[in-house]
Amino acid sequence: RTPLTSIMGSSSIILENHETLETETKIDFLQQIYDESQWLNQVFDNILYMTRFEDGCISLNKQPELMEELISSSVSIIQNRNHAVPLNISITLPNEPLFLQVDGILIEQVLINLLDNAVKYADARLPIRISADTDGKIATIEIADSGCGVPEDDLAHIFERFFTKHISKRSMGLGLPICKAIVEAHDGKIFAVNDSGLKIIFTLEVHAAETAYTHR
């Protein structure tokens, strides 16, 4: 069953039986339409990003971006997508404001994809940990879930296009490859380790806070 089949089926039922359906049943069908539409929107976004990267059509618009704001915005989007389940997300950041020299829209997409994976492939009610630190020049960001991790033989392949072994989950295997393409376009590195779940670690260039404030 494809998302479009579900959307068409649910909307057809509502249209043909709107006078007799109970309110709760209508809400259930509308929720299905909403959830399927959200998933389709994410798929289209990922396909668009991948196509643009492959065609060399993406030029980075690097600006000073506050790490806290990028994370906060991404977490808000993921929470809205999973509003039926209270997510347990903790965030650990340096005491001082951490500014990155990045394309904010693209890095936000990285965070969204990584958080979506953490929710999708681990129990969404278990802790998801986001942390960031810096040595003054490079920032290291980690997103860790509390799932069962990934088989060691697969760790080297999870950033390859269309690689997915989660048959029961809806996935096109594009989320992590896009993260890799975006991070490497910023001259950063990204990799995964098993650590009481799956932990994705990536690096980005830091922008000095004083200069960042001046630009703003």
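The shown structure was predicted, so the numbers you read here are calculated from the model rather than taken from an experiment. Counting from 1, the numbers follow the sequence of the chain as shown.
Linking Ile, Leu, Val, Met, Phe, Trp and Tyr whenever their side-chain heavy atoms come within less than 4.5 Å leaves F202 and V193 in two separate clusters. Under the 4.5 Å side-chain heavy-atom criterion for ILVMFWY residues, a single connected hydrophobic cluster contains both V119 and I91. In the hydrophobic clustering of ILVMFWY residues, with side-chain heavy atoms under 4.5 Å counting as a link, I138 and F191 come out apart. Linking Ile, Leu, Val, Met, Phe, Trp and Tyr residues whenever their side-chain heavy atoms come within less than 4.5 Å leaves V183 and I201 in two separate clusters. Hydrophobic clustering of Ile, Leu, Val, Met, Phe, Trp and Tyr side chains at less than 4.5 Å, counting indirect connections, keeps Y34 apart from I77.
Partner of I107 under the side chain to side chain contact (heavy atoms under 4.5 Å, CB included) criterion, chosen from I182, I71, I112: I182.
Residues L111 and M67 are in side-chain contact: their nearest non-hydrogen atoms beyond the backbone lie under 4.5 Å apart. At a threshold of 4.5 Å between non-hydrogen side-chain atoms, the residues L198 and L155 count as touching. Taking 4.5 Å as the limit, some side-chain heavy atom of C179 sits within range of a side-chain heavy atom of I190. Between E152 and N194 there is a side-chain heavy-atom pair separated by less than 4.5 Å. Annotation: side chain of E65 is not in contact with side chain of Q101 (no heavy-atom distance under 4.5 Å). Looking at heavy atoms from C-beta onward, L93 lies out of side-chain contact with L98 at the 4.5 angstrom threshold.
With sequence neighbours excluded, the residues that form a side chain to side chain contact (heavy atoms under 4.5 Å, CB included) with A181 are F53. A search for side chain to side chain contact (heavy atoms under 4.5 Å, CB included) contacts involving I13 returns N17, L21, F29, not counting sequence neighbours. Shown here are the side-chain hydrogen bond (donor to acceptor under 3.5 Å, both in side chains) partners of D187, two or more places apart in sequence or in another chain: there are none. Considering only residues two or more places apart in sequence or on other chains, D145 meets the side-chain hydrogen bond (donor to acceptor under 3.5 Å, both in side chains) condition with none of them. Residues forming a side-chain hydrogen bond (donor to acceptor under 3.5 Å, both in side chains) with S12 (at least two apart in sequence, or on another chain): E16. Taking the side-chain hydrogen bond (donor to acceptor under 3.5 Å, both in side chains) definition, one finds that Q63 meets it with N61, sequence neighbours left out.
Note that the OG atom of S6 and the CD1 atom of I33 stand 8.0 Å from one another [nearest 0.5 Å]. Atoms NE2 and OG1, from H18 and T25 in turn, are 15.0 Å apart once rounded to the nearest 0.5 Å. Atom CD of Q79 is separated from atom CD1 of I89 by 5.0 Å, given to the nearest 0.5 angstrom. Once rounded to the nearest 0.5 Å, the distance linking CG of L115 with CD of E108 reads 10.5 Å. The distance from the CD1 atom of I7 to the OG atom of S37 is 3.5 Å, given to the nearest 0.5 Å. Separation of atoms CD1 (I141) and CG (D133) is listed at 10.0 Å; rounding is to 0.5 Å.
Distance alone, capped at 3.5 Å, places no donor-acceptor pair between the T203 side chain and the T140 backbone. Between the side chain of S73 and the backbone N or O of L70, no donor-acceptor pair lies under 3.5 Å. Formation of a donor-acceptor pair under 3.5 Å by the N80 side chain with backbone atoms of S76 is found in this model. Using modelled atom types, no side-chain atom of K199 and backbone atom of A192 make a donor-acceptor pair closer than 3.5 Å. Side-chain atoms of H186 come within 3.5 Å of backbone N or O of D103 as a donor-acceptor pair.
Closest approach of A118 to I128, counting heavy atoms only: CB-CD1, 3.9 Å. Across all their heavy atoms, P94 and A132 have their closest contact at CD-O, 3.2 Å. The minimum heavy-atom distance linking L176 with F159 is given by the pair O-CD2, 3.5 Å. The two atoms that bring A139 and V206 nearest to each other are N-CG2, 3.4 Å, heavy atoms only.
The environment of CD in E68 is sparse: at most 12 heavy-atom neighbours from other residues, nucleotides or ligands sit within 6.0 Å. Few gaps surround CG on L30; more than 12 heavy atoms of other groups in view lie less than 6.0 Å from it.
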Please report the C-alpha distance between S146 and R129 in whole Å, then the side-chain angles of each, then the deciding distance to 0.1 Å, and finally whether the side chain to side chain contact (heavy atoms under 4.5 Å, CB included) criterion is met.
CA-CA 9 Å; S146 300; R129 301 173 300 280; 3.3 Å; yes

Should K180 and E184 be marked as a salt bridge (charged side-chain N to carboxylate O under 4.0 Å, His left out) after you check the CA-CA gap, both sets of side-chain angles, and the distance that decides it?
CA-CA 6 Å; K180 183 175 186 289; E184 291 184 348; 3.0 Å; yes

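N113 and Q109 are linked by a side-chain donor-acceptor pair at a separation below 3.5 angstrom, with hydrogens and angles left out of the test.
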